[in-house]
Amino acid sequence: MKNRHIKWGLAALLPLLFSCGGSRSEMDRFIDELMGKMTLEEKLGQLNLPVTGTIVTGQAQSSDVAERIRKGEVGGLFNLKGVDQILEVQKIAVEESRLGIPLLVGMDVIHGYETVFPIPLGLSCSWDMAAVEESAAIAAREAGADGINWTFSPMVDIARDPRWGRVSEGAGEDPYLGAEIAKAMVRGYQGPDNSLSGNDHILACVKHFALYGAAEGGLDYNTVDMSRIRMYNDYFPPYKAAVEAGAGSVMASFNDIDGVPATANKWLLDDVLRQEWGFNGFVVTDYTGISEMIVHGIGDLQEVSRRALDAGIDMDMVSEGLLGTVKKSIDEGKLSVKAVDQACRRILEAKYKLGLFDNPYKYCDPEAAAKFVYCPEHRAAARRIASESFVLLKNEPFRGGKILPLSKKGTVAVIGPLANTHTNMPGTWSVAARLEEAPTLLEGLQEVAPDVRFTYARGSNLTEDPAYEQRATMFGRDLHRDPRSAQALREEALRVARGADVVIAALGEASEMSGESSSRSDISIPAVQRELLEALLATGKPVVLVLFNGRPLTLGWEQEHVSAILDVWFGGSEAALAIGDVLFGDVNPSGKLTMTFPKNVGQIPLYYARKTTGRTLPEGHWFEKFRTNYLDVDNDPVYPFGYGLSYTDFTYGETTLSAAEMPWDGSVEATVRVTNTGDRDGKETVQLYIRDVVGSVTRPVKELKGFRKIFLKAGESQDVTFTITRDMLAFYGSDLQKAAEPGAFEVVIGPDSRRGTKAGFELLGR
Ligand code: GLC
């Protein structure tokens, strides 16, 4: 045993000599030597990722993990929380297995660790890339000190179907914004230049590759069928951006593509990911991704495992298919040892880059954990960033004045099933959160406005169907159903409302109504809550709807009847305080939607970057015979992509271009003057959309190509300039090559995807 430590001690010097992941040749030599000592079984062990610990993110569980680590059958573990426990298993790997190879220790650190940031969909609405990066960096610092060296994030699946519960985990519908966010997340986790230095940066895992967000019917894990041109233009960009940013690992998705599950899809994992994009990290399956292919109906465990490895999978999450069957496939001549070597090498490379051969306990740092995890500085950052993610959907005058921001005096009634719950505040996929410690909305408001007299009533349960409520309150996110009747709860709420100056109605979805396996076919506010809202409005009191949701909801009725609506998503561990900051005007809201809010489920998929048809209906019109429209609803959303209000007003001047023509190798500058015409300082996200007017293939009516979040004092103006280059005009054509085509382009700069001022230029040929 001693010798081995001396051996690691010498090896340890190597990484120190080479920063930024080390020189390939040194790393190669080190791994060559190590692999030279490994048996086939030990190599297969490196490809094996069992689950252990108390966190539950899937159905199957692994057993006897410690014994199996000793035997060299485990390359990594996940769902284990706590530095002591992780240290224990890492020690078993290093001190008690034959070769002492350290473990990867993974976790779903999706939007923070114990300090929780807004759900990713909310975070994306900040349009603030520095904030996104900061949130990932803080998550990495906390998790990295506490034993975790690998996070299953960022989730970058483009999502255009809000029925799908996992829209909450991504950055919404847009490929450009999604790509920017993907890059910021990778930088935050892995560190500038992917240094993975110290223990405050951890390995990122881009997921779910690919197209998981396009599951038919918004039904989780469902079939995906999509043209390649759409994949390349609309769905691939965020994955590609994350890979180019240096993400060290990729997770294959559950769905099939072209009839082949992603986990066995050689075209996807090899041709696209490795050959075209040059990805050189490792690919892990999703939870039981290999064994589920038996259910997909493409073979038994041996066959699906063979196909997965052959397609480019390097690590098997939970299925035990690679460990259990690959030797047999090799013996039968169905697979080569080379495939195992290749995958094993990639896993060892990741461990090397993480510095685990240098110091296997690098990520087990109780002192740093005690200092950083859930520390006041991190929580303050989470509060600040949460307040940037909220979207003010409506703030119309009510009896002469706007309701928001509220003044910090008088009596405020806080009513609704989400008004007084701790465990629903952090949101779905916050597996390390201190759920019980997250302040409730009521507590947060009290802290922000101590001079206000707050009153409370529950008003209603989440839904009237206890079975539905049960399904929607899993993972400890309990709403503690009130046994009283809907009428009794409502009457109590009305009494409380009548005694207040203002009513805050905290309604919407519970935390687990979005996230994995949480699809909904009706995405409205549950009926019993809507009835409560109607009754509250009928009191004549000013009512603010504070909306909790992990997805776009159908809010046509609310938009029509409620004067003030603030969408707060699930804002993380400090959400309640951040909501208080915005409601009482300490922070001026600046979030903008990153997914379209449809009028009803029948309009889905509804997204701004649609194409025209030959019979497109002009915007603002409704029904015309022989046009692309519905009989019973128009084509407009309730709220478009990019939309969000402020307590101040911004006006946009004309969009002007530096030239009417762009030479092939040149650029054009587009400028707009934005003025804060209101009486408060505020932030505005200025958005640049471009339309390719004529193309060799049909092109979207507009595409986001740039944005800038600016701060303007009341009365202040700023010229915002975007430099448009040819690259921004390029798209994948029928040949799947990316190129710009000469011709006319339209430019719109505005506050959202529906408004703005227009200009045009022509891209000249070569
Ligand atoms: C899941 C998810 C994936 C997650 C993994 C590990 O089922 O689809 O996002 O990272 O399990 O918990």
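Counting starts at 1 for both ligands and their atoms, following the listed order. These values consider heavy atoms only, across backbone and side chains, with no hydrogens, waters or symmetry-generated copies.
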Which of the listed options, Asp220, Asp108, Val284, Thr151, holds the heavy atom that is closest to atom 10 (O) of ligand 1?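 Residue with the shortest heavy-atom distance to the ligand atom: Asp108.
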Can you measure from [atom1] ([X]) to [atom2] ([Y]) and round to the nearest 0.5 angstrom?
X      : Y      : atom1 : atom2 : result
Tyr374 : Ser573 : OH    : OG    : 5.5 Å
Tyr212 : Phe254 : OH    : CZ    : 5.5 Å
Phe597 : Leu606 : CZ    : CG    : 12.0 Å

So, for [X] and [Y], is the gap between ring centers shorter than 6.0 Å?
X      : Y      : answer
Tyr176 : Trp127 : no
Phe78  : Tyr287 : yes
Trp429 : Tyr113 : no

Worksheet item: Thinking salt bridges, do Arg228 and Asp258 make one under a 4.0 Å N-O criterion?
Response: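 A salt bridge links Arg228 with Asp258.
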How far is atom 11 (O) of ligand 1 from its nearest protein heavy atom, and which residue and atom name does that atom have?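 For atom 11 (O) of ligand 1, the nearest protein heavy atom comes out as Asp286 OD1, 3.2 Å.
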Under 4.0 Å from a heavy atom of [X]: which atoms of ligand 1 are those, numbered in the order shown and with their elements?
X      : answer
Lys207 : 3 (C), 4 (C), 9 (O), 10 (O)
Tyr287 : 7 (O), 11 (O)
Phe78  : 6 (C), 12 (O)
Phe152 : 6 (C), 10 (O)

Polar atom proximity, Glu169 to ligand 1 (N or O, under 3.5 Å) =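 Min N/O separation from ligand 1 is not below 3.5 Å for Glu169.
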Judged by non-hydrogen atoms, does His208 sit under 4.0 Å from ligand 1?
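It does, in that a heavy atom of His208 comes within the 4.0 Å cut-off of ligand 1.
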Using heavy atoms and a 4.0 Å limit, tell me yes or no: is Arg166 in contact with ligand 1?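 Yes; Arg166 lies near enough to ligand 1 that a heavy-atom distance drops under 4.0 Å.
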### Query
Given that the side chain starts at C-beta and the backbone is N, CA, C, O, which of these parts of Thr57 lies under 4.0 Å from ligand 1, counting heavy atoms, or is it both or neither?
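Looking at Thr57 and ligand 1, atoms from backbone and side chain both fall under 4.0 Å.
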Q) Where does Met155 meet ligand 1, judged by heavy-atom distances below 4.0 Å: at the side chain, the backbone, both, or neither? A)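 None of Met155 does.
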- Message: Contact between Pro598 and Pro552 at the side-chain level, heavy atoms closer than 4.5 Å - yes or no?
- Response: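 Result yes, sub-4.5 Å side-chain heavy-atom pair found.
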